[in-house]
Undergrad: 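Below is the structure I would like to discuss, written out as structure tokens.
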Amino acid sequence: MSVRVRFAPSPTGYLHIGGARTALYNWLYARAVGGTFVLRIEDTDLERSKREYEELQKEDLKWLGIIHDEGPDKPNPKYGPYRQSERLDIYMKYALDLIEKDLAYYDFTTGEELEAIKAENEAEGVHTHYQGKWKNPGMKTEALAKIAAGEKPAIRFRAPMKAFALNDKVKGEVVYPADMVGDFVIIRSSGLPVYNYCCVVDDMLMEITHVIRGEDHLNNTVRQLMLYEAFKYTPPVFAHVSLLIGQDRQKLSKRHGATSVHLYKDEHYMPEAMCNYLTLLGWSHPEEKDIFTKEEIVPMFGLERFSSHSAIYDLVKFKYVNGQHLRKLTNAELVAQLNTIIPAGHAFHAQATAWKEQCVELLKQKVDFITEMQPMMDDMIFDENVEMTDELKDILSWETTPKIVSYIAAEVAKIEGFASEAQLNVWSEHAKKELGIKGKPLFMGLRAALTGKGHGPDLKFLIPLTPVSVLKKRAAKLGA
RNA sequence: GGUCCCAUCGUCUAGCCCGGUCUAGGACAUCGCCUUUUCACGGCGGUAACUGGGGUUCGAAUCCCCAUGGGACUACCA
């Protein structure tokens with residue numbers, strides 16, 4: 001039987017980093033074993049679910065390159081529909097079947113009554129295996145009569161009083177004691193099904209073979225195991241991966257900063273870098289490699305190398321990973337991106353393609369994010385101002401520096417466009433032979449005279465990229 | 001409170017299942033050096049961890065128990 005995995009987000013907000021990570025693990029596993037990756041939309045919470053969020057999440061997934069094989073937009077008639085809100089009749093049919101077999105029952109207990117029972121139990125410190133007031137099979141006729149009269153009951157599943165065991169691919173053997181959960185609602189009085197129930201019905205009907213999801217579902221699994229047993233269906237293989245947490249070791253949430261994928265997309269983080277970083281937060285490469293594309297990981301990927309403890313989501317290493325992926329891009333690719341990122345009207349757009357490629361070649365050695373390129377270029381190439389830093393003052397105070405400054409000012413006045421590397425060599429030779437300057441004062445003096453700064457990239461790369469008009473303005477300011 | 005899960009450098013982790021090869025390896029960060037007559041990139045090196053206590057064993061990071069700490073779940077949310 002071929003492997004089928006799924007990612008089942010709730011469209012109640014943007015795609016979360018943790019969600020992206022589980023989606024990625026599922027995708028990786030499907031690709032690794034030649035299986036099918038299904039996207040299912042868990043929108044039974046009508047209040048919070050919005051179709052626009054579904055679209056937004058799909059966009060984020062697409063941006064990451066996590067493409068599903070089946071889903072609302074790629075239905076397989078055998079398994080669809082893929083939105084739980086469109087499967088309501090299916091859930092009801094199976095629930096009625098459970099009632100028929102006396103594995104579930106109608107329950108008219110109201111929310112307030114339930115609260116009261118719970119409060120009472122808590123006060124007495126007793127731990128009870130809750131069973132609805134309507135648990136007695138003999139009460140079914142009465143229940144039916146109430147329904148006929150227009151009352152709306154919930155449907156409650158009869159939780160068997162026995163221990164369940166799970167052999168989880170990540171956590172190993174997990175045993176759930178017999179009294180862990182009481183009878184639980186599978187269909188709300190509104191007629192809408194509850195997560196733990198539709199999850200099972202769907203995974204069963206969609207023939208999901210492996211469930212890779214967050215550890216926060218580990219305790220839910222016992223309810224699902226009960227339902228699988230009631231349906232006489234072999235449960236899928238479970239792999240509960242550890243959670244992502246913040247610096248304070250709490251579950252990752254908005255107060256930890258940017259936790260939505262789209263924020264990173266907007267900031268022009270690289271999707272490959274994000275996948276790379278996220279993969280490593282809880283999974284390790286057999287050869288301890290740490291920079292890779294997700295396609296490179298596919299042949300290595302399996303359920304065996306997950307770590308069992310939660311991982312702190314920390315941007316510092318992400319930054320490094322992004323830098324590594326950035327440097328793997330060709331200059332043409334970087335230019336193409338900068339063309340869209342840098343605002344219209346910026347001097348960058350006026351330059352020739354060759355100039356742009358040389359520019360990114362220089363810049364990519366200095367930054368981890370593509371968004372850092374423009375500010376850096378503004379500062380190093382297009383900045384006409386001269387800021388009197390201590391470092392610059394120091395260089396300017398050297399005996400020979402003023403000579404170079406005035407020489408360069410006179411020289412740049414003679415040319416237009418860009419100064420070539422050869423031109424730079426001529427200036428340097430002149431300063432050496434005619435002005436009698438050498439060593440550090442020569443090179444630093446030249447740098448100061450040309451850039452108005454004490455440090456920066458190699459002059460032979462930087463000067464041919466700097467418009468002479470800018471050099472002239474700097475020279476004028478230095479002379480003043 | 002109850003149930004379940006987890007515990008190796010500051011962080012991500014390797015090693016753990018199948019005890020000795022671990023004076024615990026890698027990566028990020030940090031510090032130093034080299035390279036670059038500057039900066040960055042790159043290269044080399046340093047600092048830095050088996051939560052504690054018992055047990056089993058000739059021998060424990062590795063197996064068992066307890067403690068402590070952290071987390072998750074405990075809904076007619078997902």
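Protein chains get the first letters and strands the later ones, always in sequence-line order, with residue 1 at the start of each.
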Undergrad: For B:rA72, which nucleotide is its Watson-Crick or G-U wobble mate, given both distances must be under 3.5 Å?
TA: B:rU3

Undergrad: What does A:Glu287 touch in the nucleic acid at a heavy-atom separation under 4.0 angstrom: a base, only the sugar-phosphate, or nothing?
TA: nothing

Undergrad: Using the C1' atoms only, state how far B:rC16 lies from B:rC6, rounded to an integer number of Å.
TA: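 It works out to 15 Å between them.
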
Undergrad: What string of B, S and - do you get for nucleotides 72-78 of chain B, 5' to 3', when a contact is any protein heavy atom under 4.0 Å?
TA: BB-SBBB

Undergrad: Just wondering, are more than 12 heavy atoms of other shown residues or ligands nearer than 6.0 Å to CZ in A:Phe108?
TA: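 Yes, the 6.0 Å shell around CZ holds more than 12 heavy atoms from other groups.
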
Undergrad: Please give the distance between the P atoms of B:rG10 and B:rC76 as a whole number of Å.
TA: 43 Å

Undergrad: At 4.0 Å (heavy atoms only), tell me whether A:Tyr320 reaches a base, stays on the sugar-phosphate, or touches nothing.
TA: sugar-phosphate

Undergrad: Could you say whether A:Gln324 or A:Val316 is positioned toward the 5' end of RNA chain B, judged by the nucleotide with the nearest heavy atom to each?
TA: A:Val316

Undergrad: B:rC4 P sits how many Å from A:Met226 CE, rounded?
TA: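 Computing the A:Met226:CE to B:rC4:P distance gives 13 Å.
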
Undergrad: Round to the nearest Å and state the distance from A:Leu362 atom CG to B:rC41 atom C1'.
TA: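 Interatomic distance, CG of A:Leu362 to C1' of B:rC41: 11 Å.
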
Undergrad: Regarding A:Val175, tell me which of base, sugar-phosphate or nothing describes its non-hydrogen contacts under 4.0 Å with the strands shown.
TA: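 Sugar-phosphate: the residue A:Val175, judged by heavy atoms under 4.0 Å, touches backbone atoms but no base.
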
Undergrad: Within 45° of the ring axis of A:Phe348 and under 6.0 Å from its six-membered ring centre, is that where the NZ or CZ of A:Lys356 lies?
TA: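 Yes, A:Lys356 sits over the ring of A:Phe348.
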
Undergrad: Within a 6.0 Å radius of atom NZ on A:Lys152, are there more than 12 heavy atoms belonging to other residues, nucleotides or ligands?
TA: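 Counting other residues, nucleotides and ligands, NZ of A:Lys152 stays at 12 neighbours or fewer.
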
Undergrad: Give the rounded distance in Å between these two atoms: CG of A:Leu459 and C1' of B:rU36.
TA: 12 Å

Undergrad: If the sugar-phosphate is the primed atoms plus P, OP1 and OP2 and the base is the rest, what is the B/S/- string for nucleotides 9-15 of chain B, using protein heavy atoms under 4.0 Å?
TA: --SBSSS

Undergrad: In the strands shown, is B:rA14 matched to any nucleotide by a Watson-Crick or G-U wobble pair with both distances under 3.5 Å, and which?
TA: none

Undergrad: Taking only the P atom of each, what is the distance from B:rU30 to B:rU11 in whole angstrom?
TA: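 So the two P atoms sit 16 Å from each other.
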
Undergrad: Specify the separation, in whole Å, of atom CH2 of A:Trp398 and atom P of B:rU37.
TA: 15 Å

Undergrad: Apply the test salt bridge (Lys or Arg N to Asp or Glu O under 4.0 Å) to residues A:Glu54 and A:Arg83: give CA-CA distance (whole Å), side-chain angles for both, the deciding distance (0.1 Å), then the verdict.
TA: CA-CA 10 Å; A:Glu54 177 186 325; A:Arg83 279 185 202 96; 2.8 Å; yes

Undergrad: Identify the residue among A:His325, A:Arg327, A:Gln324 that makes a side-chain hydrogen bond (donor to acceptor under 3.5 Å, both in side chains) with A:Asp368.
TA: A:Arg327

Undergrad: Taking the six-membered ring for Trp, are the ring centroids of A:Tyr195 and A:His217 within less than 6.0 Å of each other?
TA: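 Aromatic pair counts; centres sit under 6.0 Å.
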
Undergrad: How many whole angstroms separate atom CG of A:Asp394 from atom C1' of B:rU38?
TA: 13 Å

Undergrad: B:rG69 C1' sits how many Å from A:Asp248 CG, rounded?
TA: 15 Å

Undergrad: Would you mind reading off the distance between A:Leu450 atom CG and B:rC39 atom P, rounded to a whole angstrom?
TA: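 It is 18 Å, rounded to the nearest whole Å.
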
Undergrad: What is the distance from CE of A:Met444 to P of B:rU37, rounded to the nearest Å?
TA: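 For the pair A:Met444 CE and B:rU37 P, the rounded distance is 12 Å.
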
Undergrad: According to the Watson-Crick and G-U wobble definitions, with both distances under 3.5 Å, which nucleotide is paired to B:rU38?
TA: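 Partner of B:rU38: none.
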
Undergrad: Identify each atom pair where a protein N or O and an N or O of nucleotides 45-53 of chain B are less than 3.5 Å apart, giving names and distance.
TA:
none

Undergrad: Just call it for A:Pro177: base, sugar-phosphate, or nothing, with non-hydrogen atoms closer than 4.0 Å on any strand.
TA: sugar-phosphate

Undergrad: Pairing donors with acceptors under 3.5 angstrom, does anything connect the side chains of A:His256 and A:Asp248?
TA: yes

Undergrad: Quick one: on RNA chain B, does A:Gly439 or A:Asp368 contact a more 5' nucleotide (nearest heavy atom)?
TA: A:Asp368

Undergrad: Considering only atom P, compute the distance from B:rU8 to B:rC63 and round it to an integer number of Å.
TA: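 It works out to 14 Å between them.
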
Undergrad: Checking ring pair (Phe, Tyr, Trp, His ring centres under 6.0 Å) between A:Tyr277 and each of A:Phe292, A:Trp283, A:Phe318, A:Tyr269, which is the one that passes?
TA: A:Phe318

Undergrad: Does A:Lys50 pair with A:Glu52 as a salt bridge, N-O distance under 4.0 Å?
TA: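 A:Glu52 and A:Lys50: not salt-bridged.
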
Undergrad: Give me the distance, rounded to whole Å, that separates B:rC64 from B:rC18 when you measure between the P atoms they each carry.
TA: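 Straight-line distance between the two P atoms is 10 Å.
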
Undergrad: Consider the side chain of A:Lys440, meaning its heavy atoms from C-beta on, and name the nucleotide among B:rG42, B:rU37, B:rA27 that approaches it most closely.
TA: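 Given the options B:rG42, B:rU37, B:rA27, the side chain of A:Lys440 is closest to B:rU37.
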
